[in-house]
Amino acid sequence: QVQLVESGGGLVQAGGSLRLSCAASGLTFSRYGMGWFRQAPGKEREFVAAISWSGRSTYYADSVKGRFTISRDNAKNTVYLQMNSLKPEDTAVYYCAAEANGLGSTRKAAYDYWGQGTQVTVSS
């Protein structure tokens, strides 16, 4: 079955960096668009970044543009989220997701598969 496993979360001070990884199995990874979403306590899950199957198209939420970078390695079935200049408001559980259209999407409903999430905590 399809599995998406996130890793790389943790506790970091404001201004620091983290790199999240999401390893995919059970699907033809190179055909799927991939996305990162996050959910803070008491808030809805929100879009962070997305990337098309080829990696040529990327999309970002305004709140992370210029600080976060999404990338993928189709040979390793892995998508990454490099997070720099972290802020306390970036604290959330981060989820990766896969969508079969392959284009990448900002919409939660477009995604077919989700990981279990990894906690990112940014202290001030």
Side-chain angles (χ1 to χ4, degrees):
Q1 77 270 23
V2 175
Q3 281 195 311
L4 302 176
V5 180
E6 301 96 337
S7 62
L11 174 64
V12 64
Q13 287 190 330
S17 298
L18 283 174
R19 188 196 197 202
L20 305 184
S21 299
C22 172
S25 61
L27 75 171
T28 307
F29 180 77
S30 61
R31 295 181 181 177
Y32 279 74
M34 299 297 295
W36 286 96
F37 291 76
R38 67 186 182 187
Q39 188 166 17
K43 294 190 176 181
E44 289 192 3
R45 194 171 298 190
E46 65 175 5
F47 169 74
V48 176
I51 189 168
S52 63
W53 65 273
S54 65
R56 284 195 285 267
S57 297
T58 56
Y59 311 91
Y60 295 95
D62 287 343
S63 59
V64 307
K65 208 169 288 184
R67 300 188 298 122
F68 291 10
T69 302
I70 189 170
S71 62
R72 66 188 297 158
D73 186 338
N74 285 346
K76 295 183 178 179
N77 287 2
T78 302
V79 63
Y80 305 96
L81 186 68
Q82 177 67 44
M83 305 186 296
N84 299 330
S85 302
L86 282 160
K87 305 175 180 179
E89 51 263 44
D90 294 318
T91 295
V93 177
Y94 283 71
Y95 299 89
C96 74
E99 59 89 11
N101 284 332
L103 301 178
S105 175
T106 63
R107 299 183 303 111
K108 291 191 297 283
Y111 288 83
D112 303 287
Y113 303 104
W114 292 83
Q116 293 299 305
T118 185
Q119 176 71 47
V120 171
T121 304
V122 184
S123 63
S124 56

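Note that the numbering runs from 1 along the sequence shown for the chain.
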Are [X] and [Y] side-chain neighbours, meaning at least one heavy-atom pair lies under 4.5 Å?
X   : Y    : value
M34 : S71  : no
T69 : L81  : no
W36 : V79  : yes
L20 : T118 : yes

Give a yes or no on whether the backbone of [Y] and the side-chain of [X] come within a donor-acceptor separation of less than 3.5 Å.
X    : Y    : answer
T28  : S30  : no
R31  : L27  : no
N101 : L103 : no
Q39  : E46  : no
S52  : S57  : yes
R72  : F29  : yes
N84  : S17  : no
E99  : G104 : yes
T91  : V122 : yes
T78  : K76  : yes

Checklist entry - Can you get from V2 to W53 by hopping between Ile, Leu, Val, Met, Phe, Trp and Tyr side chains that sit under 4.5 Å apart? => result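 Hydrophobic grouping puts V2 apart from W53.
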Next on the checklist: Would you say V120 ends up clustered with Y80 if hydrophobic residues are merged whenever their side chains have heavy atoms under 4.5 Å apart, either directly or through other cluster members?
Outcome noted: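 No, separate clusters.
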Checklist entry - Are K87 and D90 ion-paired here, with the side-chain N under 4.0 Å from a carboxylate O? => result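 Salt bridge: no.
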Item to check | Parallel, tilted or perpendicular: rings of Y95 and W114 (30°, 60°) | outcome: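 Geometry flag for Y95 against W114: perpendicular rings.
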Checklist entry - Would you say the ring centroid of F37 lies under 6.0 angstrom from that of Y111? => result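 Aromatic pair counts; centres sit under 6.0 Å.
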